[in-house]
Amino acid sequence: QHIQAEWRIDSKAVYITRADIAHLGGTVSATGMIEYPGFNTFDFKAEGKNLDVPDIFGIEGKADGHAEIKATPRTAQLTGTLHLTNARLDLGGLETNLTRHKTIQVVESSGTGNVLVLKGIEGPNRFANKLDMDVAIELPPNGSWVTGNGLRAEINGGIKLLKKPGGPV
């Protein structure tokens, strides 16, 4: 990985005015700040281009996107959009990974309708409990292949990952 950054520091925070990172076969540009000594207040923005999505939960491909994460000691917000420019989903890999990660629990598993609720480990001091999230994942306009469990199909569209503080995804 190659990182080139411009930053400054004062008595309360580190400010990244520009950081360019060669990562996942593409580039990520980021800006932001983090307060210290607690390191629990921050605000970062990032944009990625031509990133390789390795086999994560059975999903692989190429992507562009942007994200913003902000946090204080009591709140956290994550927003962004990931545009997959080339994607493939292996349902068998997704199922295997979901069952391997014991921190993920499928609360509503009928697979019908527009909502599937996932819930993680609960605890008062966990970052996820204060997180407010709105992240969109868009499939390529020309479609993506879904395989596994006897299925081979091409799909279009996207998915929205939403979460309110204290709630599930």
Side-chain angles (χ1 to χ4, degrees), residues 1-90 93-94 97-98 101 103-104 116 118-121 123-145 155-169:
Q1 293 180 0
H2 174 73
I3 299 173
Q4 186 173 5
E6 297 172 10
W7 58 278
R8 66 182 171 83
I9 190 168
D10 65 20
S11 63
K12 294 182 181 178
V14 176
Y15 302 89
I16 300 169
T17 54
R18 176 111 183 139
D20 295 310
I21 305 150
H23 188 60
L24 296 173
T27 58
V28 176
S29 298
T31 60
M33 62 75 70
I34 186 166
E35 290 184 0
Y36 66 89
F39 299 103
N40 53 15
T41 298
F42 53 85
D43 183 351
F44 286 99
K45 294 177 182 150
E47 183 174 339
K49 295 205 180 289
N50 202 32
L51 304 174
D52 290 323
V53 178
D55 187 4
I56 301 172
F57 294 114
I59 302 167
E60 61 182 77
K62 286 273 202 192
D64 296 330
H66 62 88
E68 182 173 2
I69 187 163
K70 300 177 183 183
T72 68
R74 299 185 61 141
T75 65
Q77 182 179 31
L78 173 64
T79 59
T81 303
L82 183 66
H83 299 279
L84 293 166
T85 56
N86 181 353
R88 186 183 65 78
L89 170 62
D90 176 0
L94 176 63
N97 279 290
L98 282 177
H101 291 275
T103 60
I104 298 174
L116 176 67
L118 301 175
K119 192 168 185 177
I121 295 175
N125 296 323
R126 298 192 58 87
F127 182 81
N129 287 334
K130 67 179 184 177
L131 183 63
D132 183 2
M133 180 173 65
D134 184 349
V135 175
I137 301 174
E138 298 292 332
L139 295 174
N142 60 347
S144 298
W145 284 101
I155 61 171
N156 292 333
I159 188 169
K160 195 110 162 130
L161 303 174
L162 300 171
K163 182 190 175 305
K164 293 295 177 194
V169 176

Is there any side chain to side chain donor-acceptor pair (under 3.5 Å) pair reaching into residues 157-169, and which pairs are they, with sequence neighbours excluded?
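Those involving residues 157-169 are Asp134-Lys160.
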Once salt bridge (Lys or Arg N to Asp or Glu O under 4.0 Å) is applied, do any residues pair with Lys70, and if so which ones, sequence neighbours excluded?
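Once residues adjacent in sequence are excluded, the partners of Lys70 under the salt bridge (Lys or Arg N to Asp or Glu O under 4.0 Å) criterion are Glu68.
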Considering residues at least two apart in sequence or located in another chain, which fulfil the side chain to side chain donor-acceptor pair (under 3.5 Å) criterion with Tyr15?
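Tyr15 satisfies side chain to side chain donor-acceptor pair (under 3.5 Å) with Asp10 only.
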So how far is it from [X] [atom1] to [Y] [atom2], rounded to the nearest 0.5 Å?
X	Y	atom1	atom2	value
Lys49	Lys62	NZ	NZ	13.5 Å
Ile34	Lys12	CD1	NZ	16.0 Å
His83	Leu139	NE2	CG	11.5 Å
Phe42	Met33	CZ	CE	10.5 Å
Leu78	Asp132	CG	CG	9.5 Å
Met133	Leu162	CE	CG	7.5 Å

So [Y] and [X], do their side chains get closer than 4.5 Å, heavy atoms only?
X	Y	value
Leu51	Val28	yes
Leu161	Ile137	yes
Thr31	Phe44	no
Gln77	Ile69	no
Pro73	Asn40	yes
Val135	Leu82	no

Take Trp7 and Ile9, measure what side chain to side chain contact (heavy atoms under 4.5 Å, CB included) needs, and give me the verdict at the end.
CA-CA 7 Å; Trp7 58 278; Ile9 190 168; 4.1 Å; yes
Please name the pair of heavy atoms, one in [X] and one in [Y], separated by the smallest distance, quoted to 0.1 Å.
X	Y	result
Asp20	Ser29	OD1-OG, 2.9 Å
Ala63	Leu84	CB-CD2, 3.8 Å
Thr72	Thr41	CA-OG1, 3.8 Å

Lys45, NZ: over 12 other non-hydrogen atoms inside 6.0 angstrom
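It does not: Lys45 NZ has 12 such atoms or fewer within range.
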